[in-house]
Amino acid sequence: MEKELRLMKGNEAFAEAAIRAGTDGYFGYPITPQSEVMEYLMAEKPHERTGMVVLQAESEVASINMLYGGAGCGKKVMTSSSSPGISLMQEGISYMAGAELPCVILNVVRGGPGLGTIQPSQSDYSQSTKGGGHGDYRLITLAPSSVQEMYDSVKLGYELAFKYRNPVLVLSDGAIGQMMEKVEIDAQVERLSEEQIREQHPWATLGRHNGRERNIITSLDLDPARQERHNEALQRKYKEVEEKEVRYEKINCDDADYIFVAYGTSARICQKSMQLAREKGIKVGLFRPITLFPFPKKELHEMAGQVKGILSVEMSAGQMIEDILLAVEGKVKVEHYGRMGGIIPAPGEVVDALEQKIVKG
Amino acid sequence: MEDTLVKSEIIKPENRVYKKTDLMTEKVLSYCPGCGHGTAHRIIMEVIEEMGLTEDTIGIAPVGCSVLAYEFMNVDMQQAAHGRAPALATAVKRLMPHKTVFTYQGDGDLAAIGTAETIHAANRGERITIIFINNGIYGMTGGQMAPTTLPGMKSSTSPYGRDLDMMGHPLKITELVAQLPGTHYVTRQAVHTPSNVRKTKKAIRKAFELQHQNVGMTFIEIVSNCNSGWKMTPVQANKWMVDNMFPFYPLGDIKVDGKMVEG
C-alpha cells in the first residue's frame with residue numbers, strides 16, 4: 001500500500017492520529033497554543049468517520065474528569081491542553097493514577113509561571129515527570145520532537161496507557177505544536193466494541209452483564225494497610241515501566257567528547273548546534289530522551305564514563321538536569337543551558353554555552 | 001399455649017411484606033442512625049431492579065458522607081473527585097448513550113465545589129439523572145456550613161448562625177438548574193415519611209425512564225436531615241427539617257416535561 005503523506009501542524013497531526021488510533025472520546029477546553037487539536041477534530045466530524053465523541057467542556061477540570069469517567073468504562077479517551085490548563089487538571093490526573101485509569105494527555109507547553117506567555121517553553125518537565133498532583137505517582141511521559149512523533153505518540157500513548165493502566169502524558173511544546181512538517185498517516189484502527197472492551201478490560205464499568213460482580217473505579221481506600229499495599233503495587237508498576245519502557249535516540253555519540261542531552265524543540269536546536277560545534281572541531285553528540293519518565297538513567301550513566309562533559313539543554317531554568325545528575329552520579333561534569341519566558345535558544349548560543357560551561361570550564 | 005405462632009409459621013413467602021433488594025450489598029451502612037441517605041440509596045436501587053436496568057447502569061459516587069455509596073449500591077460504580085460527578089457521568093453517557101447513568105451527590109459536592117460541573121452538565125442537557133441530597137450542612141467533615149445552610153442556621157463554621165451579610169445566601173441550585181433549557185424534569189422530594197418515600201421513588205423511576213427518551217437532564221433534589229451535624233435526635237431532626245428546611249426548600253415538582261411548573 002502506498003504511504004499517505006500529509007503536510008500538517010503538530011497539533012493537527014495529533015488530532016488526526018487520535019481519530020486513526022480508534023479514540024472513543026476527546027474532551028478538551030481551548031487554550032493557546034494547542035486549540036488546533038479540538039478545532040481540527042470538530043471540523044473533521046469524527047463522529048461520522050468513526051463514531052468518536054468530541055466535546056468542548058466548560059473547563060480543564062471538567063475535561064480531565066470526563067476522561068476519568070470514560071476511562072473507567074475502558075474507553076480510549078484523551079485530552080489536550082497547555083501548561084495553565086494542565087495545572088488545573090492535576091487533581092484529576094492524580095485521581096486517575098490512583099484509580100489506575102488509562103488515558104492520553106497532551107501538554108503543548110508554554111512559558112510560565114502563572115499565565116506566563118503563549119510562546120514555547122519546557123518548564124513543565126518536573127510537573128510531568130515527578131507526579132504533578134498529590135500523592136506518590138508517576139505519569140509515563142513521552143517527548144516528541146517532530147510532527148511525525150506527535151502523530152506517533154497517540155498510538156504509543158494508548159499502548160502504554162492500557163498496558164500499565166496509567167495516564168500517559170505527551171510533553172510537547174508550542175513550537176512542535178505549531179510547526180508544519182510532513183507526516184506519514186497510518187491506517188484507521190477500529191474502535192473497540194462494548195464486547196471487546198468487556199473481554200480486554202474486565203475491570204471496566206460497563207454494567208453488570210450476565211450477573212457478574214459489580215466493578216468499582218475508585219482511588220479511595222480508608223484502610224491504611226490496604227492503601228499501603230495499593231501504593232506498593234503502584235510503585236512496582238512504575239519500576240516495571242522504568243525497566244521496560246525506556247526510549248531514547250543517540251546521534252553522533254560514538255566518537256563524542258561531549259554530549260548534549262535535550263528533548264523536544266531543544267533537541268532540534270541541538271542538532272544544528274552539534275553541526276556548528278563539529279565544524280569548530282568540538283566533537284559533540286546528542287542524547288535525546290524520548291521517554292522522560294522512565295528517564296534513560298542507565299544509558300546516560302554508561303555514556304557518562306565515555307565523555308568529558310554533558311550539557312543539558314532545556315527551555316527552562318534547569319529541571320531535567322536533576323535527573324541527569326542523578327543518572328551520572330558525579331562521574332562527569334554536567335551543566336544546564338536554557339532560555340525562559342518563551343525564548344527559543346539559537347544554535348550558536350548553545351555552542352557558546354558548551355564552550356564556556358563545559359569545554360573551558 | 002396452643003394458639004401461639006412459631007417462627008416457621010410466620011416466615012413464609014406468602015406472609016412477606018418487604019424484601020431488601022439484592023442491589024443493596026450486605027455491607028453495614030456507614031450512615032448515622034436516622035440519616036436519610038440509607039433510604040435514598042435503597043429506593044434508587046429498588047427502581048433499578050424493578051426496571052430491569054441492573055446490567056446497564058453506571059452510578060457515580062461523590063465526595064462527602066456518601067463517598068462510599070459504591071460499597072452499598074450493588075451496580076457498577078465510579079467514585080468521583082469532589083464535585084466532578086456530572087463530568088464523569090457526561091462522558092459515560094456520551095460514550096454509551098444506551099446506559100442508565102446517575103450521580104449521587106451531596107450539597108457541598110454539587111452546589112459548592114461542583115457548581116460549574118452541575119450547571120454546565122445541566123445546560124448541555126446531558127441525558128443523565130442527578131440525585132442531589134440536600135441536608136444543609138457538611139456532614140462528613142463534622143458539620144461545617146454548606147452552600148445550602150439556612151439563614152441564621154448554626155454550623156461549626158457559622159457558630160453564631162449563618163450571617164447573610166458576611167457569609168452570603170443559601171444557594172437554591174435546584175431552582176437555578178430548572179431555569180436551564182437543558183433540564184427536562186426537576187423535582188424536590190424528601191424521604192422522611194413512607195408517603196414521601198413513595199413519591200421520591202416515583203420521581204426516580206420517572207427520571208430513569210426519561211433518560212432513554214433523549215429529552216435532557218433529570219434532576220431530583222432530596223431534602224434530607226443530618227441529625228448528628230444538626231446536633232439533634234433523629235426525631236427532632238425530622239421535625240426541624242419539616243419546620244425549617246421545607247419552607248425554604250419547598251417540596252414538589254419544579255419543572256415537568258421541560259416546562260416550569262406554575263407556582
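Chain letters run A, B, ... following the sequence lines, proteins first, then strands; residues in each count from 1.
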Shortest non-hydrogen contact from [X] to [Y]?
X       : Y      : result
E194(A) : H98(B) : OE1-NE2, 2.9 Å
A116(B) : E58(A) : O-OE2, 3.6 Å
Y95(A)  : H82(B) : OH-N, 4.3 Å
E117(B) : S59(A) : OE2-OG, 4.4 Å
G69(A)  : Q78(B) : O-NE2, 3.1 Å

Which of [options] touches chain A most, by non-hydrogen pairs under 4.5 Å:
options                           : value
V101(B), N123(B), T54(B), I119(B) : T54(B)
V63(B), T57(B), I58(B), T100(B)   : I58(B)
A61(B), G59(B), A81(B)            : A81(B)
G83(B), G114(B), A91(B)           : A91(B)

Using a cut-off of 6.0 Å, state whether more than 12 heavy atoms not belonging to [X] lie near its atom [atom1].
X       : atom1 : result
H47(A)  : NE2   : no
K19(B)  : NZ    : yes
Q235(A) : CD    : yes
Y249(B) : OH    : yes
E228(A) : CD    : no

Contact origin within [X] toward chain A - heavy atom pairs under 4.5 Å:
X      : answer
I48(B) : neither
L95(B) : both
T90(B) : side chain
T25(B) : side chain

A side-chain contact here means heavy atoms from C-beta on lying under 4.5 Å apart; do H209(A) and D56(B) qualify?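 Sidechains of D56(B) and H209(A): in contact.
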Sub-4.5 Å side-chain heavy-atom contact between E91(A) and R84(B): yes
Quick check on the interface: out of [options], who has the most heavy-atom pairs with chain B under 4.5 Å?
options                        : answer
M52(A), K75(A), E213(A)        : K75(A)
V77(A), V53(A), I64(A), L55(A) : L55(A)
A62(A), A71(A), G25(A)         : A62(A)

Qualifying residues under side chain to side chain contact (heavy atoms under 4.5 Å, CB included), relative to A85(B), sequence neighbours excluded: I60(B), A80(B), T103(B), Q105(B)
Is chain B contacted by the side chain of Y68(A), its backbone, both, or neither, given a heavy-atom distance below 4.5 Å?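 Contact with chain B is through both the backbone and side chain of Y68(A).
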Heavy-atom distance under 4.5 Å to chain B: side chain of L222(A), backbone, both or neither?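 Side chain only.
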Which residues from residues 28-42 of chain B are near chain A, with near meaning under 4.5 Å between non-hydrogen atoms? none
Pairs under 3.5 angstrom only: tabulate donor-acceptor contacts from the side chains of residues 64-75 of chain B to other protein residues two or more places apart or in another chain.
residue	atom	partner	partner atom	Å
Y70(B)	OH	T218(A)	OG1	3.4
E71(B)	OE1	K27(B)	NZ	3.0
N74(B)	ND2	D22(B)	O	3.2

Could you tell me whether D76(B) and R212(A) make a salt bridge, using a distance below 4.0 angstrom between a side-chain N and a carboxylate O?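 A salt bridge links D76(B) with R212(A).
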Rounded to the nearest 0.5 Å, what separates atom CE in M96(B) from atom OG1 in T205(A)? 6.0 Å
Check side chain to side chain donor-acceptor pair (under 3.5 Å) between R188(B) and all other residues, then give those that pass, not counting sequence neighbours.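 R188(B): side chain to side chain donor-acceptor pair (under 3.5 Å) contacts with E175(B), E221(B).
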